Amino acid sequence: MFGEEAVFRSSRPRPSSQPRAARRTRHGLAHELAGYTSAAELNDLEVIVEAGQADDRGEVATLLRQQAHRRLFRTR
């Protein structure tokens, strides 16, 4: 039984398929965006993101939505 468990554990996929550097960059960006907390700051940030380049908008917009979702359920 121990041998089977060890095989199962080693065959698990990694939690993320992103390379380590990309995950670190994304985590840093999420940390930086988390610093914007007031409604005015968040509104300004949304306007900036919407006006930004299409390449950058997707990831930032996704992070902002995730953080807004967490804030919504943290206050309830």
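Sequence positions, counted from 1, serve as the residue numbers for this chain. Since we're looking at a predicted model, the values are computed, not measured.
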*Name the orientation class of the two ring planes belonging to H27 and H31 (parallel below 30°, tilted from 30 to 60°, perpendicular beyond 60°).*
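It falls in the parallel class, under 30°.
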*Nearest heavy atoms of T62 and R26, plus distance in Å*: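 Closest approach of T62 to R26: CG2-NH2, 4.1 Å.
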_Shortest non-hydrogen separation from Y36 to L42 and the atoms involved_ =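 So the two residues come closest at O-CD2, 3.3 Å.
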*Are any of the side-chain heavy atoms of Q66 and R70 separated by less than 4.5 Å?*
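SC-SC contact between Q66 and R70 confirmed.
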*Find out if a path of hydrophobic residues (ILVMFWY) with successive side-chain heavy-atom gaps under 4.5 Å connects L29 to L64.*
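Yes, L29 and L64 fall within the same hydrophobic cluster.
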*Check whether L45 and V60 end up in the same hydrophobic cluster, where Ile, Leu, Val, Met, Phe, Trp and Tyr are linked by side-chain heavy atoms less than 4.5 Å apart.*
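They do share one cluster, since a chain of ILVMFWY contacts under 4.5 Å joins L45 to V60.
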